[in-house]
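Heads up, the thing below is written out as structure tokens.
We count ligands from 1, going down the list as the structure has it; atoms in each ligand are counted the same way. Start at 1 with the first residue, then count along the sequence.
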Amino acid sequence: MNTSQNSVPRLLIIGAGFAGLKAAAEAAKYNLAITVVDRRNHHTFQPLLYQVATAGLSPGEIAAPIRGVLRKYSNVEVLLGEVDSFDLEQKKVGLRDGSDLLYDYLIVASGATHSYFGHNEWEELARGLKTVEDATEIRRRVLLAFELAERQAHISGHAEPVHFVVVGGGPTGVELAGTLAEVASKALARNFRHIDPRTTRILLLEGGPRILPAYPPDLSRSAQEQLERLGVQVRTSAQVTGVEPGQVRVGEEILPASVTLWAAGVRASSLGRKLGVEVDRAGRVIVSPDLSVPGHPEVFVVGDLANLKDPKTGNLLPGLAPVAMQEGHHAAWNIGRDLKSKRREPFHYIDKGTMATIGRAAAIAQIGKLHVSGFIAWIMWLFVHIMYLVGFRNRILVMLEWAWSYLTYQRSARLITGSTYLPGWNAQQHEHESEELSVEQERARARLA
Ligand SMILES: Cc1cc2nc3c(=O)[nH]c(=O)nc-3n(C[C@H](O)[C@H](O)[C@H](O)COP(=O)(O)OP(=O)(O)OC[C@H]3O[C@@H](n4cnc5c(N)ncnc54)[C@H](O)[C@@H]3O)c2cc1C
């Protein structure tokens with residue numbers, strides 16, 4: 001990549017998420033030498049991360065090795081590496097290990113991450129859901145909360161309910177809260193002898209006046225009713241003012257939280273600001289209608305990292321997988337037009353509808369003017385998610401897992417991996433912990449400090 005041995009233009013794609021993979025697949029049709037660089041060796045199907053977090057699916061069923069996904073394109077190579085800097089004048093990208101990659105065309109598709117609204121100290125206690133590592137950590141905490149409650153009840157003879165607090169009533173918060181309710185009331189119901197998981201309290205906190213604010217009000221209402229039927233307590237206009245060990249504050253009110261999950265804020269990948277071009281408040285790069293960066297027609301930014309308004313509605317295009325896929329495809333297609341000396345075309349998003357799941361047989365969907373909720377919306381959601389899942393093997397495995405789980409209420413990936421320390425589990429319980437656990441707590445405290 002660093003030496004141009006022939007005259008084939010070099011395309012560097014940063015990120016093998018939804019946008020990067022689509023860009024690579026389209027670009028592979030042209031006479032380009034393409035390199036896809038990602039800091040992970042796998043593509044993650046983020047819409048199903050909540051299933052890993054709630055022990056329904058295993059990480060390998062929702063992730064696919066990038067090398068394997070792109071193997072059929074002979075002009076595409078894959079590199080594992082974390083991009084750290086840009087030199088747009090020299091057409092050079094710097095990796096964290098100090099090496100450089102040169103390009104003729106660049107597509108930046110590094111996505112988004114969590115935002116704690118200036119309270120990064122909350123992150124250790126309230127984990128967000130973005131990567132496979134986040135999902136397995138959430139799974140660890142959720143399952144551990146039940147185990148610790150059982151042990152406490154075994155020792156003391158007194159059973160306290162487990163409390164989950166989910167912060168943020170967007171699609172991720174809603175699916176996490178709904179599925180946790182299902183796990184507690186069904187999958188774990190008869191697995192413990194001293195506690196009754198059906199007494200678990202699940203609280204969904206939303207700062208705005210309604211959950212799922214990106215959906216029409218009737219679907220928000222329906223989603224809230226479906227959640228409440230599953231046993232989730234929904235509180236709207238509830239701004240979180242503090243996340244502390246074992247509790248969450250809303251104003252002056254203190255709410256118990258055995259485990260707190262963060263689904264409230266998103267900010268763009270830090271690479272947006274590192275490009276040295278104009279970004280919005282969330283760090284998204286403001287792109288031209290053809291998805292290139294103003295002043296640098298050879299550099300494109302796509303997916304969650306791009307800020308582009310829909311010319312029809314004037315609204316910012318949402319951070320959704322279909323937007324990212326269509327943008328990735330379009331940027332590569334425009335490069336293809338450059339190579340054929342044709343004029344570039346502006347990007348137009350084709351909205352095929354949006355949907356959110358709430359739990360077993362519960363979902364909402366909006367397709368144009370059509371609003372659907374309940375079982376039919378859930379079937380539509382299942383179909384779309386299996387269809388778009390990367391990898392044929394994964395599609396078959398997920399279909400089997402869901403069929404099994406639907407029939408038996410069981411969740412097959414109930415594994416606690418890593419430490420048995422739960423942030424915020426109260427001091428009395430810790431008295432009985434082993435030395436190893438104290439070390440773990442000290443490490444976590446040091447990370448928080
Ligand atoms: C929990 C969750 C649920 C979601 N559910 C839905 C849903 O149901 N429907 C829907 O349409 N959308 C959903 N989304 C949103 C959707 O996943 C995103 O819009 C989409 O992933 C954006 O694609 P992208 O390619 O821009 O970024 P991503 O898919 O996030 O990919 C970014 C890639 O860049 C890599 N990367 C980042 N930084 C660097 C770096 N410095 N160097 C090298 N590589 C880097 C990452 O490893 C990653 O592979 C969900 C998102 C989340 C987090």
Side-chain angles (χ1 to χ4, degrees), residues 12-24 35-54 62-66 69 78-86 93-97 101 107-114 127-135 138 168 170-176 179 212 214 261-263 265-266 268-275 284-285 291 300-307 317-329 331 349 351-358 363-365 381-382 384-385 388-390:
L12 178 62
I13 300 174
I14 303 173
F18 287 100
L21 282 187
K22 274 284 169 200
T35 302
V36 177
V37 60
D38 199 295
R39 63 184 171 193
R40 294 204 157 75
N41 83 326
H42 54 270
H43 164 83
T44 306
F45 192 81
Q46 292 170 15
L48 290 183
L49 274 174
Y50 83 98
Q51 281 284 344
V52 175
T54 54
I62 65 142
I66 300 164
V69 177
V78 177
L79 282 187
L80 178 71
E82 180 159 5
V83 172
D84 198 30
S85 62
F86 297 94
V93 162
L95 299 187
R96 192 171 273 279
D97 69 0
L101 299 173
I107 298 180
V108 189
S110 51
T113 184
H114 321 289
R127 192 74 181 238
L129 184 59
K130 186 73 192 169
T131 61
V132 165
E133 290 84 352
D134 291 334
I138 289 175
T172 301
V174 165
E175 63 200 12
L176 274 173
T179 314
L212 298 176
L261 303 179
W262 189 260
V266 173
S269 142
S270 61
L271 292 189
R273 291 188 199 279
K274 290 183 179 174
L275 276 167
R284 282 177 297 232
V285 176
L291 299 170
F300 295 81
V301 175
V302 290
D304 281 4
L305 185 58
N307 170 318
L317 288 172
L320 290 174
V323 176
M325 288 193 281
Q326 291 179 31
E327 286 184 351
H329 176 275
Y349 174 53
D351 184 358
K352 295 179 188 158
T354 47
M355 44 188 73
T357 181
I358 294 147
I364 56 164
W381 180 91
L382 282 183
V384 167
H385 282 74
Y388 280 101
L389 193 59
V390 172

Could a heavy atom of [X] be found less than 4.0 Å from some atom of ligand 1?
X	value
His385	yes
Pro171	no
Thr172	yes

Using a 4.0 Å cut-off to any heavy atom of Pro322, which atoms of ligand 1 qualify?
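Once the distances to Pro322 are compared, the set is 11 (O).
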
Under 4.0 Å to a heavy atom of Gly319 - the qualifying atoms of ligand 1, by number:
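Within the 4.0 Å cut-off of Gly319, ligand 1 contributes 15 (C), 19 (O).
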
Can you figure out which of Gly81, Ala19, Ala63, Gly111 has its heavy atom closest to atom 27 (O) of ligand 1?
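Looking at heavy atoms only, the winner is Gly111.
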
Listed partners of Asn41 passing side-chain contact (heavy atoms from CB on, under 4.5 Å), at least two apart:
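Counting only residues at least two positions away or on another chain, Asn41 forms a side-chain contact (heavy atoms from CB on, under 4.5 Å) with Leu80.
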
CD on Gln326 to CG on Leu320, rounded to 0.5 Å:
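Rounded to the nearest 0.5 Å, the CG-CD separation comes out at 10.5 Å.
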
All side chain to side chain donor-acceptor pair (under 3.5 Å) counterparts of His385, not counting sequence neighbours:
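Per chain and number, His385 pairs via side chain to side chain donor-acceptor pair (under 3.5 Å) with Trp381.
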
Answer whether the closest heavy-atom distance between the side chains of Leu129 and Leu261 falls below 4.5 Å.
no

Answer side chain, backbone, both or neither: which part of Leu271 comes under 4.0 Å from ligand 1, heavy atoms only.
side chain

Taking Glu82 as the fixed residue, which of Lys274, Arg40, Arg96 is the one that meets the salt bridge (charged side-chain N to carboxylate O under 4.0 Å, His left out) rule?
Arg96

